[in-house]
Amino acid sequence: MHGFPLFCIFALTNKTMRIDIITVLPELIEGFLNESILGRAQRKGLVEIHLHNLRDYTTNKWRRVDDYPFGGFAGMVMQCEPIDRCISALTAERHYDEIIFTSPDGEQFTQPMANTLSLCENLIILCGHYKGIDYRIREHLITKEVSIGDYVLTGGELAAAVMADAIVRIIPGAIGDEQSALSDSFQDNLLAAPVYTRPAEYKGWKVPDILLSGNEAKIKEWELSQSIERTKRLRPDLIQKIDK
Ligand code: ADE
């Protein structure tokens with residue numbers, strides 16, 4: 001049932017991935033990135049995640065990164081100079097596969113996109129803020145604009161954290177059992193089947209008998225039928241993608 005040959009591709013690529021995140025609020029996501037699976041993946045040397053405070057790349061004494069928009073529109077716009085200085089400092093050191101800008105008007109982030117990005121060696125994620133960034137940065141420096149959903153966040157930090165999480169967890173070795181990354185919802189456009197653990201009965205709520213039967217073939221069959229049933233019921237749009 002698992003269409004995406006992650007294992008085959010992973011087997012060919014064993015370099016340490018590097019993700020550079022550019023933000024005006026590094027403290028907002030620092031804790032998240034250093035805990036749990038992301039923290040462990042970094043300690044194991046599977047990935048390096050570097051946070052860069054955009055204010056460190058300003059040349060004015062107030063460390064301002066934004067200014068009023070031309071045209072008299074409302075809000076503030078992030079200026080070209082600090083972003084350009086930060087990205088230039090990074091690209092002078094190494095080649096980046098993608099320079100990503102988080103924005104609600106970007107391409108929708110999906111599991112296939114996470115799979116593709118997890119195979120990259122070096123990524124920059126620039127977190128948007130305020131009303132946006134000077135469009136010239138998007139035209140000249142950004143290679144990919146990504147949205148995590150059709151809603152507007154106060155900044156791109158949560159989007160960057162979501163992307164880093166989804167990308168890093170599928171690097172081989174990041175989670176204990178790679179097979180479980182393969183059986184995630186969305187890897188094959190099917191939602192995952194329900195899972196249960198001990199006790200087999202709790203407050204009269206029973207685990208399906210089939211899971212206690214020991215019959216592996218029947219259990220696999222049950223798992224697939226559950227996946228299909230849940231996807232049809234909860235995400236009929238995904239079933240249509242399989243049919244195509
Ligand atoms: N910045 C603000 N909203 C966002 C979204 N939905 N996705 C990515 N970046 C964003």
Side-chain angles (χ1 to χ4, degrees), residues 17-38 47 49-58 64-71 73-84 86-87 90-91 96-120 122-170 184-186 189 234-235 237-238 241:
M17 184 182 195
R18 178 179 169 118
I19 304 176
D20 290 275
I21 301 178
I22 306 172
T23 165
V24 285
L25 291 168
E27 61 279 7
L28 204 62
I29 47 173
E30 195 172 10
F32 175 80
L33 296 171
N34 290 321
E35 291 296 325
S36 187
I37 287 169
L38 268 75
V47 64
I49 304 179
H50 298 269
L51 282 167
H52 305 275
N53 189 335
L54 194 58
R55 293 187 199 284
D56 293 343
Y57 295 85
T58 52
R64 272 189 68 168
V65 294
D66 61 334
D67 207 335
Y68 293 99
F70 283 122
F73 304 111
M76 302 297 275
V77 176
M78 282 162 76
Q79 292 171 290
C80 286
E81 195 194 16
I83 298 172
D84 183 30
C86 183
I87 291 178
L90 292 171
T91 53
Y96 283 87
D97 303 284
E98 296 283 6
I99 303 179
I100 297 167
F101 173 55
T102 60
S103 172
D105 54 13
E107 186 186 340
Q108 174 86 46
F109 188 60
T110 58
Q111 188 62 52
M113 195 195 287
N115 294 342
T116 304
L117 292 174
S118 79
L119 301 174
C120 292
N122 300 312
L123 291 175
I124 290 176
I125 305 179
L126 169 64
C127 303
H129 243 273
Y130 310 103
K131 194 166 187 268
I133 61 171
D134 191 306
Y135 203 73
R136 289 168 289 186
I137 292 291
R138 297 171 72 165
E139 286 174 319
H140 296 287
L141 296 180
I142 298 299
T143 62
K144 196 174 186 66
E145 303 191 335
V146 180
S147 163
I148 61 160
D150 287 343
Y151 40 78
V152 181
L153 303 166
T154 50
E157 285 73 19
L158 287 178
V162 164
M163 291 175 66
D165 188 288
I167 291 168
V168 171
R169 68 183 290 284
I170 49 177
D184 287 338
S185 289
F186 303 112
N189 280 322
L234 301 169
R235 291 293 305 274
D237 55 308
L238 292 178
K241 281 189 198 165

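These figures come from a predicted structure and were not determined experimentally. Both counts, for ligands and for their atoms, begin at 1 and track the order of listing.
Under the 3.5 Å distance criterion, with hydrogens and angles disregarded, no donor-acceptor pair is assigned to the side chains of Y57 and D84. Side-chain N/O atoms of E157 and T23 include a donor and acceptor closer than 3.5 Å. When only modelled atom types and interatomic distance are considered, S103 and E145 share no side-chain donor-acceptor pair under 3.5 Å. If you check the side chains of Q111 and N115, you find a donor sitting under 3.5 Å from an acceptor.
With a 4.0 Å cut-off on non-hydrogen atoms, S147 touches ligand 1 through its backbone as well as its side chain.
At a threshold of 4.0 Å, the pair R18-D97 does not count as salt-bridged, since none of the basic side-chain nitrogens sits closer than that to a carboxylate oxygen.
Residue contact annotation: S103 has a non-hydrogen atom under 4.0 Å from ligand 1. Taking a 4.0 Å cut-off on heavy atoms, V146 registers as neighbouring ligand 1.
Of the protein's non-hydrogen atoms, P104 CD, 3.6 Å is the one closest to atom 1 (N) of ligand 1. For atom 6 (N) of ligand 1, the closest heavy atom belonging to the protein is Y151 O, 2.7 Å.
Proximity annotation for atom 3 (N) of ligand 1: of I148, T102, V162, L153, L153 comes nearest, heavy atoms only.
A distance-only check finds no donor-acceptor pair linking the side chain of S147 to the backbone of E107 [under 3.5 Å].
For ligand 1, the atoms closer than 4.0 angstrom to any heavy atom of A159 are 8 (C), 9 (N). The distance from ligand 1 to the heavy atoms of V152 drops below 4.0 Å at these ligand atoms: 3 (N).
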